[in-house]
Amino acid sequence: MTDVTTPQTKSFRMPSMSVLGPIIALIVLLLIGTALNSNFLSAANITNVLARSAFIGIIAVGMTFVITAGGLDLSVGSMAAFIAGLMILVMNAALPSLGVGVPIILLGMFTAIVAGLLAGLLNGFLITALGIEAFIVTLGSMGIYRSLVTWLADGGTLSLDFGLRSFYRPVYFDGILGISWPIIVFALVVIIGEIIMSRSVYGRHCAATGSNEHVAHYSNVNVNRTRLISYAALGILVGIATIMYVPRLGSASASTGVLWELEAIAAVIIGGTVLKGGFGRVWGTVIGVLILSLIGNILNLTDFVSPYLNGAIQGIIIILAVILQRERKTAL
Amino acid sequence: MTDVTTPQTKSFRMPSMSVLGPIIALIVLLLIGTALNSNFLSAANITNVLARSAFIGIIAVGMTFVITAGGLDLSVGSMAAFIAGLMILVMNAALPSLGVGVPIILLGMFTAIVAGLLAGLLNGFLITALGIEAFIVTLGSMGIYRSLVTWLADGGTLSLDFGLRSFYRPVYFDGILGISWPIIVFALVVIIGEIIMSRSVYGRHCAATGSNEHVAHYSNVNVNRTRLISYAALGILVGIATIMYVPRLGSASASTGVLWELEAIAAVIIGGTVLKGGFGRVWGTVIGVLILSLIGNILNLTDFVSPYLNGAIQGIIIILAVILQRERKTAL
Amino acid sequence: QETKVIGVSIPAATHGWAGGMNFHAKETVERLEEVYSDLDFVLATASDPGKQVNDIEDMVATRNIDALVVLPFESDPLTPPVQSVADSGAWVTVVDRGLSVEGIKDLYVAGDNSGFGKVSGEFMAQQMPDGGDIVVLRGIPTTIDNERVEGFNAAIEGSGINVLDMEHGNWNRDDSFTVMQDFLSKYPNIDAVWASDDDMAIGVLAAIEAAGRDDVKFVLGGAGMKEMIKRTADGDEMIPANVTYPPSMIATAIELTAVGLTSNAPVSGTFVIGSVLVTQENAMDFYYPDSPF
Amino acid sequence: MSATPVLALRDVSKSFGSIEVLHGVTLALEPGTVHALIGENGAGKSTTMKIMAGYQLPSKGAVELDGAAVRFDSLHEGEMAGIVMIHQEFNLAEQLTVEQNIFLGRELKRGPLLDKAEMRRRTRDYLDRVACNVSPDALVSRLSNSDKQMVEIAKALSRDARVLIMDEPTAVLTKRETDVLFKLVAALRAAGTAVLFTSHKLDEVAEISDHVTIMRDGAVVQSSPTSEITEDEMATAMVGRDVSDLYPAKPGVERGAPEVLSVENLSVPGFASNVSFSLPQGQILGLGGLIGSGRTEVMEGLAALRPASAERVTLFGEPVRFKRPSDAQQAGLCYLTEDRKLRGLLLERGMRENLTLQNLHKFGGFLIDRNAEETALTEAIGEFDIRAGSRDVRVGNMSGGNQQKLLLAKIMLSEPRILIVDEPTRGIDIGTKQQIYAFLRKLADQGHAIIVITSEMPELIGLADRVMVMRLGEVSGTLNAGEITEDAIVRLSMGLRAEQMPMTA
Ligand SMILES: Nc1ncnc2c1ncn2[C@@H]1O[C@H](COP(=O)(O)OP(=O)(O)OP(=O)(O)O)[C@@H](O)[C@H]1O
Ligand SMILES: Nc1ncnc2c1ncn2[C@@H]1O[C@H](COP(=O)(O)OP(=O)(O)OP(=O)(O)O)[C@@H](O)[C@H]1O
Ligand SMILES: [Mg+2]
Ligand SMILES: [Mg+2]
């Protein structure tokens, strides 16, 4: 019997718009920036943009896994604020006994990572073990952490001891070979994240869980554990982001990290990850983060629009960036 | 084989926890309130709580349809701010020609409803016709409307002419038979919404669309139109909520309606509507709205907790309310 | 003797100054509850004007307040509800921002936003007699911010000071850091910065320091955060001055209201807490090391 | 019949809520034999299989592995014991690729990372063994149903099972793919694997199985070596009546019957081009062709379910243009989808809502008359013999065949004058098939016109008055009453045009 199913010879195909879209949007933004301001491509400006993208970026990488596995986390912004506050309190408290030096910084970092892990595990536990809607759990914990940091700061700002801050500062501003630490850490997180997402068993399990949890379950994937790990990892990444954040200004308050969650989720989706789960890509998230940072940067570098309208421009560009990557609308 | 051709006699069954859960949570809150303060059940307090629930409530009813049909709208809060601002501008502008009186109020109401309709249609169009993720479209339009109102108000506050305000005020504060207008309108919206959701063709189409849009499409349901209508209806309801809101505060600014979207979505989910779509109930949403309003009200009744921790209490209660309605976790 | 209830309604601690104000409100309430056995306080913080109106309604409906101390989130939306509190016979103290209608308040503890801008502008003009290029960071878009900027613009009018750019830093350290970084990329020479708030000044200073730029001669913040006052007192050249806008004005208001309710001492009227220029000479007078702000 | 059974059920009962669906089922699988489990829709075959594989626990009775009672608390334990099951419904993650699905849960690693090259290589091997030539990197969501089934089979193969359980594996397969599968099964049997499968195609059962167990209403009614029972006996034992006249007699449409539908040059971008045909009143037109030949897409295009363009479509003599599927429905043309799970039914919902979804306007203009809906459901249950444990069962919990019946009932509620049914008897038991054929014929006799898309050769031959065959998106030929033979259809589907074949397209 002749074979008549159309053979699929692997020929070169143009990458699809879903791949090209975010890249094109990024390039267009870069061109606009370059055209508008000659300093846009200066090393200083690029460093600024990358370094400030690092916080949201590190968090967004974690969010990519959570969303890919079919979850969501609205609490990351206030979690970051809470961890920053806690870290500052712990370091200030340890100052008399430990003194300014590497140990106290390590203590702070340890605090941040453990706190992040615990916060992530708590979210994950409520979502997986108790089976409550992720939106509600993390909306709840968003309120809780935001309150806690306000309470810790007594309504004001928690500030790192001045001496300690000067010592810790280089963690944000210095680096190696002219590349500052946040950028290096961000790059590492991205590379590891991309490898895990696309080349590891865990990444596959995330996608399977988000795509169809019953199928994943029937295929011996531990769905709950996969989800739990994604929240825990996101918590740890929030901790890491906070470690980079605290040395920048040395303070935390109720206004720290406000709306980071929406920014992180937006970056993830602009990058092409599917909000309902089942498919995620870390490199796309990076592009999403850069797009969002660049919009702000370009708006600051130009005077075309009333600053009141910045939000409108941002909104329009976000929508456009996603329109770009839309495949030709498939018939239902 | 059981014979199923004859309808089974409807035997009484305990309502499931998913039905009882929100109701129990509401009753517990009412009991707590009554225990804490003797004035809690006073007519004045009940009126206050109900009337202020009306804004979010009216919006949340619309959100119930959007979510049931598999959508989401993050822009309602800033849409409300924008519509309020626009309404105030239009009414102030018409004042010299129309004078204080019923016509100008009607003009304002007309403006609000038309603006809401258009805003909703715009969201719906981008989501259905262009096929962009609702999260992104409405995140974008959230930024756009928020910016526009800031811009309209020139960074400050848009205020209704004072004479006009006194004339318009009764729309919030007066009513019939001692029941104030917002409560009446809210009740009407809820009743109509509940009927549409549970007994009408459109409600079924929403549920089918949110449950599986392919099945809906193959059942000749116009999926895009169903979705579009849900966004348009939500827009109109935002307009109606604004009509109730403006006489209360008489002004609009960049801080109007901040976070209403999260509150509305939270109310919808607390009420038992499924975030991923396919199942919604309007009466549940009402309970969700009341729970959220009562939390704020009860926190004001006591001095037990530091006001810094209000957010934490709210978060915990939201999570608890949803835990309550969880069915015994079904094995996957 | 009957217990009287004082309601205190303030915006939530969403930025540095408001945080300080929250602290003072809380602390004053706790202290006065000890002092006056016959006074009971209700403190509510609101995250938006709507919520603040809710709080005031709740105080009237369930706590039978005899007096209300309110720092309005915004003037216009709060005017009608506060008016109905006044109409119900309760004492009304308004703090910082006035209401849109005269004759509601019994006591007004007023901040002076355009004065704040004016003092800041005058200092700038005086520091730069030959003019210069400055950038301005604005707060959250609100009437307060508008009044401050108007006052500032009026004061530098004709002084030769050229405002290169204004952008909103939202009274937030992170936002102002970002905005200032971009200003530094955009303008090769900036002589001075009006950060208009000490939280924003901290972000601005960090950005300047990180960029290693020495063209910026000084940064003028405002509101009198203790760390900044300290640096002024220590003669930090980057922070030669500050302009007060004390968050503790809420304490003044609560305290005066308590006095008004419990004694016959007359406390009604207007109590203006002006914005004062703080320089190295008088800085220690404005330094409160125990305040969180 | 002497070896110890590798896997057995001993007196197993199963209840869902208060309804018992299995009553004391006993069944034994022996190594190196192929065991067929047959029975009517809803008889409990799938449930029996799920219990054997450890997907569900029995309410009563025991599962025995190598003669010892076991209790599989998780699927993993079942699989560890070497039991692999292919479900009646697809068990693939749609957004993942073929390779990702095949290795899901047992990915190969090299160091800490995935060994993608090796997995891809093995995937290709497995796919080759089932003669399926989709790419390992293809997304499952883009595969046709038959390819999905072959991927499921490849996935099961990759598990090296001692016991392979297949729930209606051939329902969505073509003859050719079925042959491939049966070759594989024969090889597995030779290697000592115990195979249990169900099918409603009794010829397949007779062809491949060594032993048949027949279930009715949740109980085993007969179990005997296949050699000792004929197909007719099987059918009778299953259904409880004689089903020898599977197909109703073809009355033959008289010449000059009015033409009710004519389609000229219908094209569906990417799937089919220039399809033309016409349909007289009272005729059943069979649409044959290989899977992937674009039959589904053409008819979906005609019903405006997907973008399509046509030079001219006339319905009852009137030129029509459907912008939406509801336009087609209004004009009297309805299409019944082949994919009941993804396109046909809301699995989370009950029967009532599914039944009326397409015709809600008939139950009230704005508000829905629930009582009328209930009445309609009662009628549908009676007419289509829908059997479900209870009336308000979740449709996803109904047996596959009963879902299909519900789907038919749903489409019939629109009272179409021209009915297009796509694989209407997929997963339907032989007794019900007979009813459905009779029903379709009755409709035709009443003057409706019917198009039946089917991959079942006997169905085409037995049911259709005329057969149109498609190949690669084009009509390759039409066969009139006297010309419908298996050979002619196969030739047209393969694109071999016998000289003397009359072309009447
Ligand atoms: N999870 C469940 N909950 C409730 N009832 C169920 C569930 N699963 C199966 N049933 C019921 O058990 C009965 C047997 O179903 P089963 O799927 O085993 O039938 P089947 O023999 O495989 O039929 P078919 O040939 O149609 O696939 C049906 O009446 C079905 O409705
Ligand atoms: N959504 C889709 N996206 C991409 N390709 C698709 C999609 N749906 C179907 N296809 C492909 O289109 C081809 C034709 O589809 P289909 O198998 O439904 O055709 P058919 O002739 O109707 O066959 P049958 O009805 O026997 O399954 C198949 O090869 C299938 O892989
Ligand atoms: Mg079955
Ligand atoms: Mg098909």
Side-chain angles (χ1 to χ4, degrees), chain B residues 1-11 13-14 16 18 68-70 128 131 191-226 228-229 273-274 276-280 327-328 330-332, chain D residues 19 21 40 42-43 216-218 300 303-305 324-330 334-337 339-349 351 353-354 356-361 363-370 374-375 377-379 381-382 385-393 410-411 414:
Chain B
M1 175 92 16
T2 339
D3 181 39
V4 285
T5 34
T6 44
Q8 283 172 337
T9 39
K10 266 256 161 75
S11 63
R13 270 187 305 163
M14 252 315 256
S16 67
S18 106
T68 301
T128 58
I191 291 168
I192 296 173
E194 175 66 33
I195 290 175
I196 293 181
M197 180 63 90
S198 64
R199 323 226 135 237
S200 85
V201 174
Y202 179 71
R204 283 280 174 88
H205 284 182
C206 275
T209 300
S211 177
N212 184 333
E213 59 175 336
H214 298 283
V215 172
H217 177 67
Y218 277 84
S219 303
N220 295 351
V221 172
N222 192 331
V223 171
N224 279 348
R225 199 181 55 194
T226 304
L228 186 66
I229 290 176
T273 296
V274 177
K276 292 199 193 292
F279 176 76
E327 307 278 321
R328 209 163 12 105
T330 47
L332 266 167
Chain D
I19 297 160
V21 300
E40 282 180 294
R216 254 182 89 188
D217 294 351
E300 287 180 356
L305 283 158
R324 287 176 207 304
S326 47
D327 297 346
Q329 184 180 347
Q330 222 147 38
C334 277
Y335 166 83
L336 175 106
T337 178
D339 191 340
R340 64 171 170 257
K341 196 178 170 197
L342 291 180
R343 290 172 181 166
L345 297 169
L346 299 172
L347 301 178
E348 300 297 319
R349 294 306 176 115
M351 288 197 280
E353 278 171 75
N354 271 289
T356 57
L357 181 59
Q358 191 159 344
N359 287 286
L360 282 172
H361 55 270
F363 296 90
F366 180 70
L367 294 189
I368 299 167
D369 180 351
R370 287 248 180 102
E374 291 290 352
T375 314
L377 178 58
T378 305
E379 280 169 16
I381 287 173
D385 191 19
I386 299 171
R387 304 187 192 179
S390 81
R391 206 178 154 92
D392 38 33
V393 62
K410 167 180 165 181
I411 202 90
S414 354

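These values consider heavy atoms only, across backbone and side chains, with no hydrogens, waters or symmetry-generated copies. In this text the structure is predicted, and so the values were computed from the model without any measurement. Note on naming: letters A, B, ... go to the chains in the order of the sequence lines (proteins, then strands), and numbering restarts at 1 for each one.
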Does atom CZ of Arg225(B) have more than 12 heavy-atom neighbours, drawn from other residues, nucleotides or ligands, at distances under 6.0 Å?
-> no
Which atoms of Thr356(D) approach chain B - backbone, side chain, both or neither, heavy atom under 4.5 Å | side chain
All heavy atoms of Ser200(B) vs all of Ile368(D), minimum pair found to be O-CD1, 3.3 Å
Which heavy atom in Gly344(D) sits nearest to a heavy atom in Ser219(B), and how many Å separate them?
-> O-OG, 4.5 Å
Drop me the distance from Asn224(B)'s CG to Arg324(D)'s CZ, to the nearest 0.5 angstrom.
-> 8.5 Å
What part of Lys410(D) is in contact with chain B, defined as an atom under 4.5 angstrom from a non-hydrogen atom: side chain, backbone, both or neither?
-> side chain
What part of Val221(B) is in contact with chain D, defined as an atom under 4.5 angstrom from a non-hydrogen atom: side chain, backbone, both or neither?
-> side chain
Where does Leu345(D) contact chain B at under 4.5 Å (heavy atoms): side chain, backbone, both or neither?
-> backbone
Any idea which heavy atoms bring His217(B) and Leu305(D) closest together, and the distance?
-> NE2-O, 2.8 Å
Measure the CG-CG distance between Asp327(D) and Asn220(B) for me, rounded to the nearest 0.5 Å.
-> 9.0 Å
Would you name the heavy atoms of Leu342(D) and Val215(B) that are closest together and state the gap between them?
-> O-CG2, 3.4 Å
For the residue pair Tyr218(B) and Gln358(D), confirm or rule out a side-chain donor-acceptor distance under 3.5 Å.
-> no
Heavy-atom side-chain proximity of His214(B) to Asp339(D) below 4.5 angstrom | no
Options Glu348(D), Arg370(D), Arg216(D), ranked by heavy-atom pairs under 4.5 Å with chain B, top entry = Arg370(D)
Considering all heavy atoms of both residues, which atom of Gly364(D) and which atom of Val201(B) are nearest to each other, and what is their separation?
-> O-CG2, 3.9 Å
